[in-house]
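Any value given below was found using the heavy atoms of this structure, including those in side chains, with hydrogens, waters and symmetry copies removed. Counting starts at 1 for both ligands and their atoms, following the listed order. The first residue of the sequence shown is numbered 1, and numbering continues consecutively from there.
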Amino acid sequence: MMQLRFPDDFVFGAATSSYQIEGAWNEDGKGESIWDRFAHTPGKIEDGTTGDIACDHVHRWQEDIGLMADLGLDAYRFSVSWPRVLPNGTGQVSDAGLAFYDRMVDGLLEAGIRPFLTLYHWDLPQALQERGGWTDRRIVDAFCEYADVVSRRLGDRVKDWITLNEPFVSAIIGHWEGRHAPGHRNEEEMLATTHHLLLAHGRSVPVIRANVPDGQIGITNVHHPFHAASDSEYDRLTVEEYDGLLNRTFLDPLVGRGYPSVVPYNRATLDSFIQPGDLDAMTAPLDFLGVNYYTRRIERHPRVPASENLPQTVFPRDEHTEMGWEVYPEGLFEIMERLHRDYAFPQYFITENGAAYPDSVDESGAVQDPKRVAYYQSHLAQTARIVKSGIPLRGYFAWSLLDNFEWSFGFSRRFGIVYVDFETQQRIPKASYQWYRTLIAERAIELDSSD
Ligand code: IFM
C-alpha cells in the first residue's frame with residue numbers, strides 16, 4: 001500500500017448543471033429552453049420524464065449547499081440557465097432569474113465554497129432556436145450579451161468561469177445524431193454549430209475578462225483517449241478521424257492551429273462558415289482547460305472483421321457502468337498527459353468524472369454503492385498520479401453531487417453521490433459521498449497494487 005497526498009490548495013469539488021437539477025422550468029418569468037421543448041416532445045426521453053421539477057434545486061438550494069458543506073467541498077461547479085436570466089435569449093433581463101444565482105452564490109461563499117460557473121450547459125433559450133439557434137451566426141453576439149450580463153452581476157464574487165460545457169455534445173449529439181435538443185440530424189448544421197460555439201467561446205472571453213479582471217476563465221470539453229481495436233490500417237485511420245472529431249476539433253482552434261484535417265466530416269463545409277478574424281478570436285488566452293473524463297473509446301472500422309480485432313483489445317477489468325461505458329481509469333492519466341504534451345494549457349481542472357449505477361435504498365434507509373466507490377477510488381488514484389507527475393492539475397469535480405435528469409435517459413441513470421427520491425425530493429448521501437468526504441478531509445489517497 002502506498003499513500004499519495006494532494007497539495008493543500010488542490011480543489012475538491014462536485015458538479016451539476018442547470019437543466020439537470022433546477023426544475024422551476026416556467027417560474028418567475030423564466031423563458032423556455034430547447035431542453036424544455038425537447039423533453040416535452042413525446043418519444044424523446046427514454047423514460048418519458050422531463051426536467052420540469054428535476055431535483056427542485058431552485059427551491060432547495062439551501063439544503064443542497066448544506067450537503068456540500070457537510071461533504072467538505074472546496075468548490076461547486078454549476079451552470080446558469082440562459083433563459084432564466086434572459087427569457088428571450090437577448091434583450092430583457094430577468095431580475096428574478098439573476099437574483100436566484102445571486103443568492104446561491106452568496107450562500108456558497110458563506111459556506112466557504114468556491115463557485116465555478118459554467119455559462120452554457122446546453123439549455124439554449126428556445127426563442128434563439130426559433131431563429132436558427134447555434135446554426136445562425138447571430139448566436140455569437142447573443143452569447144456575448146448573455147456572458148456580459150452574468151459576469152457583470154456575479155463577477156465580484158465568482159472568479160472561476162467556464163464558457164461552454166462539452167461543445168462536442170451540443171454540436172454532434174444535438175445536431176448530427178439528434179439524441180439531444182434540438183434533435184436535428186444534419187451534418188451542415190452540426191458544422192455550423194461547432195464553428196459558432198467555438199467562436200462564441202472565443203469572443204466571450206474578453207467580455208468576461210473585462211468584467212472580472214481577477215478571474216480565471218476556461219472551457220470544458222469531454223476528452224477520451226481513442227484506441228484502435230486492432231493494428232489494421234483501417235482501425236488506425238478510424239482512431240485518427242474520431243480523435244480529430246472529438247478531441248482536436250474542439251482544442252486545435254483554441255491554440256491557433258485551426259481545425260484538424262483528418263476528420264469524419266466534410267472539412268470544406270466547416271471551412272465555409274469561417275470568416276476573417278474568426279480563427280484569431282478563438283485563440284483568446286485561457287487560464288485553464290476543464291476536462292470531463294468518463295471512459296476511453298475503442299474504434300473498429302466496419303471493414304475489419306471483429307475476429308481480427310479481438311486479440312488487440314485489452315479490457316483490464318472488463319467492467320462497464322450503466323451507461324455501457326468501460327471503466328478505464330488509466331485513460332484519465334493517458335489523456336491528461338497527451339493534452340498537456342500537445343496543448344500545454346497553464347492549468348487543468350477535471351471538471352467532471354463519475355459513474356451511473358442502479359442504486360436503491362436498503363431497509364436501513366442507506367444507499368450502498370460499492371461500484372461507484374471503486375470507480376472514484378481508481379479515478380482519484382489516477383488524479384493523484386497526474387498531480388505527482390507535475391502536470392498542473394489544480395482540481396477535481398465529482399459528477400454529480402445529486403442524482404439528476406440524465407438528458408435523453410431521463411431519471412433512469414443515477415450519477416449522484418447523493419441519492420434523490422424524485423417523488424419526495426428526499427436527499428440521501430450514498431456510501432460514495434461518505435468515501436469522498438473522508439478523502440477530502442484527509443487530502444490523501446491509498447493506492448493499492450491495481451492503481
Ligand atoms: O450528465 C452529463 C453532463 O451533463 C455532461 N457530461 C456527461 C454527464 C454524464 O453523461
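Between H121 and ligand 1 there is a heavy-atom distance shorter than 4.0 Å.
Shown in contact with E166 at under 4.0 Å from a heavy atom are these atoms of ligand 1, numbered in order with element: 5 (C), 6 (N), 7 (C). Listed by atom number, the atoms of ligand 1 under 4.0 Å from W325 heavy atoms are 10 (O).
A distance below 6.0 Å separates the ring centres of H340 and Y348. Ring pair F405/F411: centre-to-centre distance below 6.0 Å.
Geometrically, ligand 1 and W407 share a nitrogen or oxygen pair separated by less than 3.5 Å. Ligand 1 has an N or O atom lying under 3.5 Å from an N or O atom of E406, backbone or side chain.
Using a 4.5 Å heavy-atom cutoff, the side chains of D235 and V239 are not in contact.
Donor-acceptor pairing under 3.5 Å is lacking for the side chains of E63 and H57. No hydrogens or angles considered: nothing links the side chains of S412 and D47 as a donor-acceptor pair under 3.5 Å.
When E352, Q20, H180 are checked for heavy-atom proximity to atom 4 (O) of ligand 1, Q20 turns out nearest. When W399, F409, Y19 are ranked by how near their heavy atoms come to atom 3 (C) of ligand 1, first place goes to W399.
Within the cation-pi definition used here (under 6.0 Å to the ring centroid, within 45° of the axis), R296 qualifies as a partner of F315.
Of the protein's heavy atoms, Y294 OH, 3.4 Å lies nearest to atom 8 (C) of ligand 1.
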